[in-house]
Amino acid sequence: TKFMPYDRKLNKTTLSKVLKDMFYMGSFVWGKKRHNGTHELFVNQNEWQKAQDIAAGRNVGKVKQQNTIPFAFKGIFKCAVCGRNVTAYLAKGKYPKYTCTHYETNCTQPAANEEVLHSEVQKLVHSVQTSEAGNAYLKAALKKSLEEKREWHGKGYEGMLQEKAMLNARLDKIYEDKIDGRITQDFYDKKFKEYTERVEKLTAETANYERANINYYEFGLKILELANNAEKLYEMATPEEKQELLRFLLSNSLLKDRMPIFTLRVPFNLIAKRPPLGERQAWGGQRELNPYCEYHKLA
């Protein structure tokens, strides 16, 4: 009744035009451009969009339901052809598939079946699991990395703490001098600003160091855990846990012609490159496996 005279009925065609008109949710088009109006709103933007979904024949309930399905490989890949994200959906309501979003592109890459991806991921996970001999080298590399971290981290962190203590002492001094009238207000304000800005910066930097320190230990133990039990952990994992495990193992992996192209992080890329178990006498990857630099990237 707000949109039509009282003596006329609201037919379907008119109703469709009304529902699509952005004017009722606060916008209008002028000169082929969209503008925000200042008039009173009939509906908010969420209600207007819901009307568009229903009018277009979209089943909003199904869309929401599909977005909550825990697809194991959703968010892991990008399209190798156009670079768009790879999203997941249920074909015929029950078969998980992964495809390029095709956002603003005519990409013709076909959808990949989850069973195929699962099979390829199983091979990948197997490749990063080490034997007892390889595990010994990995442990030695982690210990070597710890020695280097202690030397590097200790010097940098202690230096920042010392500088912060010195600045706090200077703040105490200018505060006392100001109370006793030995310095002017302008001089106090200038130095107070200089010292406090540096203290705040050092506080943030030391917090980053401490977070990196924690990340280092977590990263090293995850490497060891995956090298020992990657296959078992993957098979027992929920879809959400599979996503977390793969994000830890992989970096910038792609999907092309229904097949994955994996890019492993350090040191898993080096573990996967080692000779097959039956073709090697010993694996001398200790130096290469040092994750010391990689954990800083993840911090």
[X] (side chain) donor-acceptor with [Y] (main chain) under 3.5 angstrom:
X	Y	value
Q109	D257	yes
T196	F192	yes
R265	S251	no
H118	V116	no
S253	T263	yes
R84	C82	yes

Supply the atom-to-atom distance [X] [atom1] to [Y] [atom2], rounded to the nearest 0.5 angstrom.
X	Y	atom1	atom2	value
L171	E176	CG	CD	13.0 Å
C79	K256	SG	NZ	9.5 Å
L255	E120	CG	CD	11.0 Å
F248	L264	CZ	CG	11.5 Å
T238	Q243	OG1	CD	8.5 Å
K173	I183	NZ	CD1	8.0 Å

Evaluation steps, side chain to side chain donor-acceptor pair (under 3.5 Å), between Q122 and E231:
CA-CA 7 Å; Q122 283 181 312; E231 290 180 284; over 6 Å; no
Compare all side-chain heavy atoms of [X] with those of [Y] and state whether any distance is below 4.5 angstrom.
X	Y	answer
L224	K139	yes
E210	Y157	yes
V121	I76	no
I174	Y195	yes
N168	V199	yes
E163	R198	yes
K74	T87	yes

Is it the case that atom CD in E194 sees more than 12 heavy atoms from other parts of the structure closer than 6.0 Å?
yes
Heavy atoms from other residues, nucleotides or ligands near CG of N252 exceed 12 (cutoff 6.0 Å):
no
Apply the test side-chain contact (heavy atoms from CB on, under 4.5 Å) to residues T108 and V81: give CA-CA distance (whole Å), side-chain angles for both, the deciding distance (0.1 Å), then the verdict.
CA-CA 9 Å; T108 58; V81 175; over 6 Å; no
Taking every non-hydrogen atom, the tightest pair across [X] and [Y]:
X	Y	result
E114	A72	OE2-N, 3.9 Å
A91	K97	CB-CD, 4.0 Å
A230	V128	CB-CG2, 4.0 Å
P239	F71	CB-C, 4.5 Å
K242	A237	NZ-O, 2.9 Å

Short side-chain donor-acceptor distance under 3.5 Å, [Y] and [X]:
X	Y	value
K78	N85	yes
Y234	E241	no
Q185	D189	yes

Let me check something: do I179 and F187 share a hydrophobic cluster, defined by ILVMFWY side-chain heavy atoms less than 4.5 Å apart, either directly or through other members?
yes
If you group Ile, Leu, Val, Met, Phe, Trp and Tyr by side-chain heavy-atom gaps below 4.5 Å, do L233 and L250 land in one group?
yes
Using the rule given for side-chain contact (heavy atoms from CB on, under 4.5 Å), can you reason through T101 versus V86, listing the C-alpha separation, both sets of side-chain angles and the distance that settles it, and then say yes or no?
CA-CA 6 Å; T101 60; V86 168; over 6 Å; no
With side chain to side chain donor-acceptor pair (under 3.5 Å) as the test, would you mind laying out the steps for T206 and K164 before giving the verdict?
CA-CA 10 Å; T206 51; K164 188 176 176 182; 4.9 Å; no
Aromatic ring pairing F73/Y98, orientation class (parallel under 30°, perpendicular over 60°, tilted between)
tilted
Angle class for the F77/F262 ring planes (parallel below 30°, perpendicular above 60°, tilted otherwise)?
tilted
Would you please test I223 and F268 for side-chain contact (heavy atoms from CB on, under 4.5 Å) and show each step?
CA-CA 8 Å; I223 290 172; F268 302 109; 3.9 Å; yes
NZ/NE/NH1/NH2 to OD/OE distance under 4.0 Å, E197 and K193
yes
For R247, is there an ion pair with E244 - N to carboxylate O distance below 4.0 angstrom?
no
Any chance you could lay out the side-chain contact (heavy atoms from CB on, under 4.5 Å) test for L167 and L202, step after step, and finish with the verdict?
CA-CA 10 Å; L167 289 167; L202 287 169; 3.8 Å; yes
